[in-house]
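If you read the sequence from its start, that first residue is 1, and numbering goes on from there. All ligand and atom numbering here is 1-based and tracks the order in the structure.
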Amino acid sequence: MSRPFLLGLTGSIGMGKSTTAKMFAEEGVPVWDADATVHALYAPGGAAVAPIAAAFPGAVVEGAVDRARLREALHAEKAALSRLESIVHPLTTAAREAFIAAHAEADLILLDIPLLFETGADQLCDAVLVVSVPAPVQRARVLARGQMTEAQLDLILDRQLPDAAKRARAHHVIETHSLDETRAAVRALIKEIRSRHA
Ligand SMILES: CC(C)(COP(=O)(O)OP(=O)(O)OC[C@H]1O[C@@H](n2cnc3c(N)ncnc32)[C@H](O)[C@@H]1O)[C@@H](O)C(=O)NCCC(=O)NCCS
Ligand SMILES: Nc1ncnc2c1ncn2[C@@H]1O[C@H](COP(=O)(O)OP(=O)(O)OP(=O)(O)O)[C@@H](O)[C@H]1O
């Protein structure tokens, strides 16, 4: 039996990753969620809690990683992010591999990874799908959630690989203008992958 086709999904903040990933799941495609994995690793009982407590004293509160405190620790020292990554990335890799192994019978698996290119995870994908909308639409969507200021959004955008660079490296791009168009594009892409890799 051939192994599953690994489709990576990424896109900048507010571009529609979660919405698009949900559509793949609704079509019966197993979806691995990198963000949810990191949240589980940081929660009480999560495998990242003890090593993070050792590396960043003060960042663990009541048995869970406190993201605000961890952010402060990262600001304090330049080498801290790579130290954190050397703890988190092997754990997320192991979780991802376990997920893929558990769905070995699937023909297609979606890997939803916000920092797909930044972490080099694109290299393990058979193809990469980038979701995108023009910058003003993205900005309006993120600000409409009412969870951050324009300055906070600009800071996050500064840290992410720009949308144009993501699109340039993608095998497939879906413009997430409307839910109906996006669903149609998701269905067409699943069909195309299935027909080419059957
Ligand atoms: C730094 C942390 C504590 C901030 O958590 P918080 O809930 O405040 O924000 P969130 O996770 O949404 O990240 C906000 C932004 O920070 C940037 N960012 C986060 N992690 C990284 C990273 N490893 N490399 C570069 N940028 C990053 C991204 O642009 C992201 O959009 C958290 O992101 C973290 O623990 N990161 C390290 C784990 C990691 O590398 N995750 C990436 C997927 S494996
Ligand atoms: N295909 C679409 N058509 C219309 N609106 C959409 C579509 N996809 C997403 N949106 C809207 O854009 C906003 C952001 O979507 P979503 O949460 O899926 O993005 P995301 O890329 O996962 O964001 P983040 O990186 O912040 O987690 C939501 O408010 C959603 O309503």
Checking a contact table here: which protein heavy atom is nearest [atom], and how many Å away?
atom	answer
atom 15 (C) of ligand 1	Arg159 NH1, 4.0 Å
atom 20 (N) of ligand 1	Leu115 CD1, 3.6 Å
atom 32 (C) of ligand 1	Arg67 NH1, 4.0 Å
atom 2 (C) of ligand 2	Thr176 O, 3.3 Å
atom 39 (C) of ligand 1	His89 NE2, 3.9 Å
atom 24 (P) of ligand 2	Gly14 N, 3.6 Å
atom 25 (O) of ligand 2	Lys17 NZ, 2.8 Å
atom 29 (O) of ligand 1	Gln160 CG, 3.4 Å
atom 35 (O) of ligand 1	Tyr42 OH, 2.4 Å
atom 22 (O) of ligand 2	Ser18 OG, 2.6 Å
atom 1 (N) of ligand 2	Thr182 OG1, 2.7 Å
atom 8 (O) of ligand 1	Arg71 NH1, 2.4 Å
atom 41 (N) of ligand 1	Val38 CG2, 4.3 Å

When you measure from the side chain of [X] to the backbone of [Y], do you find a donor-acceptor pair of N or O atoms at a distance under 3.5 Å?
X	Y	value
Glu181	Glu175	no
Lys17	Gly11	yes
His171	Val128	yes
Arg169	Phe117	no
Thr10	Val130	no
Asp66	Ala59	no

(request) Run through Val142, Ile13, Asp163 and flag the one making a side chain to side chain contact (heavy atoms under 4.5 Å, CB included) with Leu157. (result)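 The residue from Val142, Ile13, Asp163 that satisfies side chain to side chain contact (heavy atoms under 4.5 Å, CB included) with Leu157 turns out to be Ile13.
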(request) Tell me, please, whether Phe5 has Arg194 positioned over its six-membered ring: NZ or CZ under 6.0 Å from the ring centre and within 45 degrees of its axis? (result)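 The answer is no, since Arg194 fails at least one limit relative to Phe5.
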Heavy-atom distances under 4.0 Å are what count here, so tell me which part of [X] touches ligand 1: side chain, backbone, both or neither.
X	value
Asp35	neither
Ile113	neither
Glu118	neither

With rounding to the nearest 0.5 angstrom, report the [atom1] to [atom2] distance, [X] to [Y].
X	Y	atom1	atom2	answer
Leu91	His89	CG	NE2	10.0 Å
Leu155	Thr149	CG	OG1	9.0 Å
Met148	Asp154	CE	CG	10.5 Å

(request) Determine whether the side chain, the backbone, both or neither of His177 has a heavy atom under 4.0 Å from any heavy atom of ligand 2. (result)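 Looking at His177 and ligand 2, just backbone atoms fall under 4.0 Å.
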Indicate whether any N or O donor in one side chain lies under 3.5 Å from an N or O acceptor in the other, for [X] and [Y].
X	Y	answer
Arg141	Thr176	yes
Lys166	Ser12	yes
Glu85	Ser82	no

(message) If you measure every N or O of Leu179 against every N or O of ligand 2, does any of those distances drop under 3.5 Å?
(response)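 Yes, at least one N or O pair falls under 3.5 Å.
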(request) Looking only at distances, please establish whether an N/O atom of ligand 2 is found under 3.5 Å from an N/O atom of Gly16. (result)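 Looking only at distances, the answer is yes, because the N/O contact criterion of under 3.5 Å is met.
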(request) Please determine if Thr92 has a nitrogen or oxygen closer than 3.5 Å to a nitrogen or oxygen of ligand 1. (result)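 Between Thr92 and ligand 1 (N or O atoms, distance only) the closest approach is not under 3.5 Å.
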(message) So for ligand 1, is Thr119 a polar contact partner (N or O within less than 3.5 Å, distance only)?
(response)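 In fact, backbone or side chain, Thr119 has no N or O that close.
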(request) Taking only Lys NZ, Arg NE, NH1 and NH2, and the carboxylate oxygens of Asp or Glu, determine whether Glu150 and Arg139 approach each other closer than 4.0 Å. (result)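 A salt bridge is present here (some side-chain N lies under 4.0 Å from a carboxylate O).
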(message) Whether Arg3 and Glu105 form a salt bridge (side-chain N of Lys/Arg under 4.0 Å from carboxylate O of Asp/Glu) is what I want to check.
(response)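 Salt bridge flag = no for Arg3 with Glu105.
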(message) Determine whether any protein heavy atom is located less than 4.0 Å from atom 29 (O) of ligand 2.
(response)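 Under the 4.0 Å cut-off, atom 29 (O) of ligand 2 has no protein heavy-atom neighbours at all.
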(message) Less than 4.0 Å from atom 13 (O) of ligand 1, is there any heavy atom belonging to the protein?
(response)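 So atom 13 (O) of ligand 1 lacks protein heavy-atom neighbours under 4.0 Å.
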Just jot down the ligand 1 atoms closer than 4.0 angstrom to any heavy atom of [X], in number order.
X	value
Glu85	22 (C), 23 (N), 24 (N)
Val88	38 (C)
Ile156	31 (O)
Leu74	1 (C)

(message) Below 4.0 Å from ligand 2: does a non-hydrogen atom of Ser178 turn up there or not?
(response)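 A heavy atom of Ser178 does come that close to ligand 2.
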(message) Can you check which of Lys22, Arg145, Arg141 brings a heavy atom nearest to atom 12 (O) of ligand 2?
(response)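 Ranked by closest heavy atom to atom 12 (O) of ligand 2, first place is Arg141.
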(message) Within the 4.0 Å heavy-atom shell around Thr19, which atoms of ligand 2 are there?
(response)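 Those qualifying, in numeric order: 8 (N), 9 (C), 15 (O), 16 (P), 18 (O).
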